[in-house]
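Read through the structure below, which is laid out as structure tokens, and then see the notes.
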Amino acid sequence: MMKFPVKELNSNFCKHIFRNFSSALYITGDKAQKNFAVLIPHIDFEERIQNKGELLNNIKVRKLDLDLNNIEKTWKFYKNLLQRKIILDQTRIEIGKEIANLTSNINVEANQEKKLKMHARIIKDDLKTMKEYLYSIEEDAAIKALSLPNILHKKTPISDHEVLHQFLEKPTEKSENHLSIAEKNDLIEFYDPLYYFFKHKCATFEMKILDYFREYMLKNLFTYFSNPDFARSIVVEGCGGDFNNPNESFILESSEDTFVSELNRLHLVGGASLCSFMAYFTRHLIQIGYFPLKYFTCGRKYQPPIQAEASLFTTGQETAIELFVATTDCLEQEDHEIENIIRILRCLYDSLGFHYQLIAVPAHKLKNYECMRISVQMLSCSLQEYVEVAHLSVCDNYLSKRLLCTYIEEKKRKFPRILSGTILSIQKLLGCVIEYNSINKRDLLWHKNI
Amino acid sequence: MNLIKKISANGKQTIKRHFYTPKLNKYPDLDFDYLCSASNCEEILNNITRRKGVGDIHSVQKFKKQLENSKNATDHDKLKQLLYTEALKIPNRTHPDVLKYTTDINIVRFINQKKNFDFHPQEFHEISKKLNLVRTDQLGNLSGNRSYYVLGEMAELEQALINYTVNKLFEKGFQLMSVPDILHRNIIENCGMNTKGERNQVYLLDQKLYGPDFCLAGTSEMSLAGFLMNKTFSRRELPTKLAAVSRCYRAETSSTSEERGIYRVHEFTKVEMFVISTPESSEDHLEELITIEQDLFGDMGLYLRVLDMPPHELGAPAYRKYDIEAWLPGRKIFGEISSCSNCTDYQSRRLNIKYSSDNDLRYVHTLNGTACAIPRMLIALTETYQTEKGSIEVPNVLQKYMNNKMAIGRQKTIPELKLVKNKKEK
């Protein structure tokens, strides 16, 4: 492994990261003056807490550090205060009316009018005080409610992954690391997980395999999108991410010529990402006749690398084919699309002719927005470990509720079910293929379609 | 760069970052023989004036003399720094033919004929909106100002353009490379682009979070130059012709109506050509690059004009630069779709790219050219190939890259944009 110079933190950085940020997704009234509130997410806490058993179990099997009782308490307190505010508002209006009546009636005692005015003043003061702290309670309750994970899919395994399909036998022969092989053959120059170059056959492989997969998606009637690489903080948080965490997404320096608040930053996520597709459908009202939406894109995916490894499995810049499907809120339609995507994944990866497995990921490895994750894994012959080269995330309507992706059915607002996933992650696939081919003495551009 | 998350004893997150820092000499091997010769002073002064007026040759010569006479080590370091600060600002020399130009627009040639329309041709943004091919509306708060989505068959056309271009470049002996989009500031600065100050066009990663030096590449010219940095080639390896498809990020802003739609955007895909050659052959390679560009765009049936750019239009690294403009029938203007430049040894001296010749090490010449910049190409093709019925014909040479599709129509699988009202639920 190569060594990198290490740069330590500076104190500004700490200040920056540990500031008490609010939500970029849920902007309360007091913040709306400084921060444009793009939307108010649909929070389905009342509905979710009806099935408290499911929620408790969900949190437990996902191994999340969430205190549901505390969340419930905060929510109830907020709702209670909101109710009291409504009563106070109504009382103030009623008293106002009564005072107006009294002043038009000359026979009324002055004492009674004075009493009512005093009452009105007390209510006004109460309302003022309540308004001041209600915002912070509202924000606290909303953030906590939004931190709950998606409902688990009934097919999500609890403790260990479940193998759904396996293609060819698992190779047992150990290979050299893909980067050593690639560097020996003058195919890659790798300096760090963000700074590396594909040369010769590697660069051709990237282009050709993208073409092959892309053609297959088009044949399967998926519509091609070309997406922007930037997303605002609201979209990052809407997709279940922590927009303040510099390890989760690259945060760009605010440009000086535009007003950018801390809740409205630009993030470099890449067009081939869930964020980029969700940004398109944020606050969107989709006409029902368009469902199911079946889209895909080819492009970059950027994520700050987790490890300083010299490996194609942990790079910060990837080229990928990303998929986005939305169905109506109908389980059968969603299941049909899941099956279709699994069929596509199997056809594509069978055709490559390498061993791989298709697994359902256990609950504790899911992201909050996922209710199920199907993972296509190829073996790294050097590590003798499986590497995820593609996946499908079943998100139900968790994301569409947060980012208000909606449709109308029978005059009611509904939220589409979303399937998201990566059909191909070039860097990871390439790493595995280089290692397989070194054992089989096969050329990198072996495939008839590549 | 890398980030490692650690949880300290008090439960707070700390981050350690690892960087790959390009090893570049703080004091590159500039051509001081030329810069400091008294006989060249007038020529350099004239060049600076004719170009953008940046650089002060008198200061360079003054500091050089002072440096040569200094005996004190502290003075020596300080003077050296001053000398390089000034010397690095001096632009490249200008091709003598270009210096002769007295007008702003110097048309070298036209390619193809202007297409006649028997209807009123529309602009790109009108056509793309009608056919649901591009979305630019209501995205500022979601994916940034001036962001855009290219949809359906227009995205297929984008891909067809890339594949068509790369295949042509393969035929012309270019090697395809896949390059990084996040670069160290040093690489970008040494390519001759400013990354600091108010009017720079470079996006940075948050400096407090990731350190001060991480920029988004404005073009893969920078990434390819970074790849070649500190490398020495043998003479028989030259010319080396590289090509890359990459995302380009530019922080430039514009609000003029001339640049509505996707004409000037912050991010786009581009196929770039980069050539390193011997000094003797770089002028021929510039002609080769402009010929490739003319063929690429000319074969698509676009009406083009080639311009030899006057001195004041040249960036500091360029010795000579051609622009290609395509006629945009909807806007009724020529719009720049491509350019190519010969940077002679301006970049190679700063990035230390050499070749060995007869036991001697010399600096290569670098050249770059745009083989395909997507948004402008989409505009030019859409406006040129629009039909009276409202569809867009696919140029013959691109059809085989689009499953033999001959026309682009309205995208029926993508919903029209209709936004939900932002009301609080009761």
Side-chain angles (χ1 to χ4, degrees), chain A residues 4-9 12-13 16-18 36-40 42 191-200 203-204 206-207 211 223-232 235 246-247 250-253 255 257-258 266 276 279-280 282-287 290 300 304-305 308 317 404 406, chain B residues 1-5 12-21 135 139 141-145 147-152 155-156 158-159 163 166 175-182 198 203-211 216 227 247 251 253 267 403 411 413-416 418-420 422 424-425:
Chain A
F4 307 100
V6 177
K7 193 172 175 4
E8 293 294 339
L9 290 169
N12 270 344
F13 169 71
H16 198 92
I17 194 167
F18 300 133
F36 175 68
V38 178
L39 56 85
I40 299 161
H42 173 84
Y191 298 87
D192 81 17
L194 267 180
Y195 193 68
Y196 60 90
F197 299 85
F198 287 171
K199 303 192 281 186
H200 310 300
T204 310
E206 179 181 55
M207 188 183 150
D211 280 346
T223 301
Y224 196 21
F225 265 55
S226 175
N227 297 345
D229 292 322
F230 298 152
R232 293 270 189 210
V235 179
N247 278 338
F250 286 116
I251 305 170
L252 295 184
E253 184 76 13
S255 58
D257 58 338
T258 50
L266 264 188
S276 206
Y280 190 93
T282 295
R283 262 186 78 196
H284 216 110
L285 177 65
I286 300 164
Q287 299 88 323
Y290 284 98
R300 300 281 203 232
Q317 174 185 317
L404 286 197
T406 63
Chain B
M1 171 186 26
N2 204 349
L3 307 173
I4 295 179
K5 204 191 303 184
K12 283 196 173 175
Q13 201 181 64
T14 63
I15 288 177
K16 262 189 180 178
R17 291 169 306 235
H18 297 252
F19 293 89
Y20 165 74
T21 308
R135 176 178 166 194
L139 289 170
N141 283 307
L142 303 169
S143 43
N145 298 330
S147 59
Y148 61 100
Y149 288 77
V150 181
L151 310 171
E156 289 177 45
E158 170 176 332
Q159 194 56 50
N163 287 0
V166 171
Q175 294 170 41
L176 183 66
M177 296 212 36
S178 186
V179 297
D181 299 329
I182 300 175
E198 270 182 30
Y203 277 109
L204 288 166
L205 294 188
D206 187 302
Q207 298 185 68
K208 292 186 195 97
L209 298 173
Y210 305 97
L216 306 192
F227 168 74
R247 294 291 285 171
T253 51
E267 39 176 323
N403 284 320
Q411 300 309 291
T413 56
I414 301 157
E416 287 150 40
K418 212 172 167 192
L419 293 183
V420 181
N422 189 23
K424 203 165 186 175
E425 292 171 325

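Order of the sequence lines fixes the chain letters, A, B, ..., with proteins taken first and strands second; residue numbering starts at 1 for each chain. Below, each value reflects all heavy atoms present in this structure, side chains not excepted, and no hydrogens, waters or symmetry copies.
- Using a 4.5 Å cut-off between heavy atoms, F36(A) touches chain B through its side chain atoms alone.
- Scanning for salt bridge (Lys or Arg N to Asp or Glu O under 4.0 Å) contacts around E206(A) gives an empty result, with sequence neighbours left out.
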L176(B) vs F198(A), side-chain contact (heavy atoms from CB on, under 4.5 Å): CA-CA, chis, key distance, verdict: CA-CA 9 Å; L176(B) 183 66; F198(A) 287 171; over 6 Å; no
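- Taking the six-membered ring where tryptophan is involved, the planes of F197(A) and F227(B) are tilted, since the angle between them lies from 30° to 60°.
- The NZ atom of K418(B) sits 10.0 Å away from the NE2 atom of H284(A) when rounded to the nearest 0.5 Å.
- Partners of R300(A) by salt bridge (Lys or Arg N to Asp or Glu O under 4.0 Å), not counting sequence neighbours, listed by chain and number: D181(B).
- The line from OG of S143(B) to OH of Y280(A) is 11.0 Å long, rounded to the nearest 0.5 Å.
- For a residue to count as touching a neighbouring chain, one of its non-hydrogen atoms must lie under 4.5 Å from one of that chain's; by this rule E156(B) touches chain A with backbone and side chain alike.
- Between the OG atom of S147(B) and the CZ atom of R232(A) there is a distance of 8.5 Å, given to the nearest 0.5 Å.
- When each of S226(A), A279(A), A231(A), S276(A) is checked for heavy-atom pairs under 4.5 Å with chain B, S226(A) comes out on top.
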side-chain contact (heavy atoms from CB on, under 4.5 Å) between L252(A) and L205(B), worked out: CA-CA 4 Å; L252(A) 295 184; L205(B) 294 188; 3.7 Å; yes
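- Side chains of Y203(B) and E253(A): no donor on one and acceptor on the other come within 3.5 Å.
- Of the two parts of L216(B), only the side chain, counted from C-beta on, holds a non-hydrogen atom closer than 4.5 Å to a non-hydrogen atom of chain A.
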side-chain contact (heavy atoms from CB on, under 4.5 Å) assessment of T413(B) paired with Y290(A): CA-CA 6 Å; T413(B) 56; Y290(A) 284 98; 5.7 Å; no
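- With a 4.5 angstrom heavy-atom cutoff, R247(B) touches chain A via backbone and side-chain atoms both.
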Residues K199(A), Q175(B); criterion side-chain contact (heavy atoms from CB on, under 4.5 Å); working and verdict: CA-CA 8 Å; K199(A) 303 192 281 186; Q175(B) 294 170 41; 5.8 Å; no
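- Here CG of L39(A) is found 8.0 Å from CG of L142(B). Values are rounded to the nearest 0.5 Å.
- E267(B) and D229(A) make their closest contact through OE1-N, 2.6 Å (heavy atoms, listed as atom of the first residue, atom of the second, distance).
- Note: Y210(B) and F250(A) have tilted aromatic rings, judged against thresholds of 30 and 60 degrees for the angle between ring planes.
- Y148(B) touches chain A through its backbone: at least one of N, CA, C or O sits under 4.5 Å from a heavy atom, while the side chain does not.
- Without hydrogens or angle criteria, Q411(B) side chain to T223(A) main chain gives no donor-acceptor distance under 3.5 Å.
- A donor-acceptor pair under 3.5 Å is absent between the side-chain atoms of R283(A) and the main chain of L419(B), judged by distance alone.
- Separating the CG atom in N227(A) from the CZ atom in R135(B) is a distance of 11.0 Å, to the nearest 0.5 Å.
- In this structure the side chain of F225(A) reaches within 4.5 angstrom of the side chain of I414(B), judged on heavy atoms.
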